[in-house]
Amino acid sequence: MNILQHLRRQFLQSLEGLDVDSSSLAGTVQPAQDPRFGDYQINAAMGLAKRWKEPPREVAAKLLERLELGELCEPPEIAGPGFINLRLRSDWIARRLVELADDPRLGVAPVADPATYVIDYSSPNVAKPMHVGHIRSTVIGDALYRILGYLGHRTIGDNHLGDWGTQFGMILYGYKHFRNEASFADDPVTELARLYQLVHRLIEYQKQKKSLPEWKRRLEELEARWAEPFDESAADKKQRKARRRLQQERDQLRATIERAEMSVQAVESDPEVASLLDNLPDLEAAVLRETALLHDGDPENRRLWESFMPHCKAALAKIYERLGVSFDYEYGESFYHDALPELVQKLIDLGVARESEGAICIFFDEFDTPMIVRKRDGAFLYATTDLATIDFRMKTWRPNVILYVVDHRQSEHFAKLFAAARKMGYTDVELVHVAFGTVLGEDGRPFKTRSGDAVGLESLLDEAVRRAYNVVATNDDAKPGGAELSDEERRHIAEVVGIGAIKYADLSHHRTSDYVFSYDQMLALEGNTATYLQYSYARIRSIFAKGELDPDAPVALDQWQWEAPIERELALQLLRFPEALEDVVADYTPHQLTGYLYELANRFHKFYQQCRVLQAESSQLRASRLLLCQLVGRTIARGLELLGIGVVERM
Ligand code: ARG
């Protein structure tokens, strides 16, 4: 049962017949900030008092008269300017806890009206090695998939692989001209990644080479203007401002030139790359040609594409397996290729798109620039594929909601995409861009390795697991009775802890904020980390082991009993698990669940410091406390599982 939802429903019902806009008032029922004032609060009286021109405390009293809370709460109290404080009855909490003991769903009832969600997540470009940015999409999408499913919704996970874009043109070109046959035979994915990076680097090189003379001419101009006599004291405000702008532009251009010259130099002095520079055609154009050939069904490029794909997919599958993530479908961009001409025709026929300067475009009132769906040369775009994808998903699954878990930098793309979909008539599906921020290095800049590439995902996981091993070993070695774990156990634990740490670090930050990637922070045994929760779980399991009790057998108890206030606080937090899950799906924010679990573990540790469990004063108290421990353990394990994170019996 979701207590908060129940209270809100009761409150809204009590408002019937009054002159209020009840839909806006649900949010005035809130968990109390301070347990001294009760467990929940209703803050509606102050606002209504203004409207009704009555004293707020009198309004609160009037609201209370109508409020029907049954056996759930103590008689409510009115406090301060008109807050209504609600305190759950302890006997009610006690009864609920006993019920939870054998409720496998921990109080989470499946929703009454399940909806169908398509979740588009991970979706990397398969020709490039996956990088740290893709973790966020994968991990957030997977958590939403699990949580929505647990709540009883129908979920369809679709990994919208980028398997058809320009990056394939790049590896096609690279493969044809620069491949190392032996490396390819030995490890195709690594060789393809090398080719991708090589071609990418050469394209950048050519762009810089081409721009440098122009930049230098411009710099000379700026320097000359700067050298002209300028009398600061005689200048007026406008002249001084222009002078500052000139200086700024000059400095920026100097820096740009310096950077470009450095990377040009790096390429030219790299023996492996320098040898390729002679007779190099315009690579950007050449790559576009390879891509177009692939799209037009050129047999050679198709054959190569088909031979690359299984390797690329296998490399991805390896990472997904390690992350414990799976998808219902992996319809990549290529899947939609044949549908694109028809789709564009349909857009034209519907009057949604029209020709403009040779291209086919969708224009919007609310955006300055149109969405191009077919270029002048006939090529289709990322957006065209995304529209075809909506078409397909609507036809195939009839979803109520489609979630796109994608980097915030694509916000404009999705805003236009959704507007275009509405123009196409898809008005009764909720399209949501579940955007997320950037992963930063400890220097506060986007996370990169020294060589400048975004860090490969695999090495990131390896490093987290390596460090987790040290944490586990140190903790184990320091145990009072000596180390308890074999090396094999330590390795297994390190994998669960290391991968969990990375995922949790990602999930525990509000998805829209950037966060700093720090191994030390994410693997801390104390604080809002997976490690802390996993450690709490193991701790609870060890209590049962010490008492020679089966940790999974429901604790038998007629009446739950408590003594210390922390026991009641812990019990209440356990009953609030359904609220945490609802909070997550309300705004697609998994950090609401990590926050909940962290608070649960904090309360547990406080409880465990203050209360004896196995040595409790009476057998009823002992059973009551064991029940608390067991429920905390189960809730942590279930909560982490819903985030895609595992637990271990011992740490
Ligand atoms: N492949 C894209 C990228 O890595 C993300 C695709 C997101 N999904 C979508 N339907 N556009 O940037």
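Worth saying up front: this structure is predicted, and the values here are computed from it rather than measured. Read the numbers this way: they start at 1 and go in the same order the structure lists the ligands and their atoms. The residues of the chain are indexed from 1 along the displayed sequence.
- Using a 4.5 Å cut-off on side-chain heavy atoms (C-beta onward), R179 and E181 make contact.
- Side-chain contact, T138 with S122: a donor N or O sits under 3.5 Å from an acceptor N or O.
- Ionic pairing of K209 and E268 is present here: one or more N-O contacts between side-chain nitrogen and carboxylate oxygen are shorter than 4.0 angstrom.
- Rounded to the nearest 0.5 angstrom, M371 CE and I362 CD1 are separated by 6.0 Å.
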Could you list, one pair per line, each nitrogen or oxygen of ligand 1 together with any protein nitrogen or oxygen closer than 3.5 Å, giving atom names and the distance rounded to 0.1 Å?
unit_1   : atom_1 : unit_2 : atom_2 : d
ligand 1 : 1 (N)  : S123   : O      : 2.9
ligand 1 : 1 (N)  : N125   : OD1    : 2.8
ligand 1 : 4 (O)  : S123   : O      : 3.4
ligand 1 : 8 (N)  : D120   : OD1    : 3.2
ligand 1 : 10 (N) : D120   : OD2    : 2.8
ligand 1 : 10 (N) : D386   : OD1    : 2.8
ligand 1 : 11 (N) : Y382   : OH     : 2.8
ligand 1 : 11 (N) : D386   : OD1    : 3.4
ligand 1 : 11 (N) : D386   : OD2    : 2.8
ligand 1 : 12 (O) : Q410   : NE2    : 3.0

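- For the 3.5 Å distance criterion, the side chains of H413 and D386 qualify, holding a donor opposite an acceptor.
- Between R393 and D120, at least one side-chain N (NZ, or NE/NH1/NH2) sits under 4.0 Å from a carboxylate O, which counts as a salt bridge.
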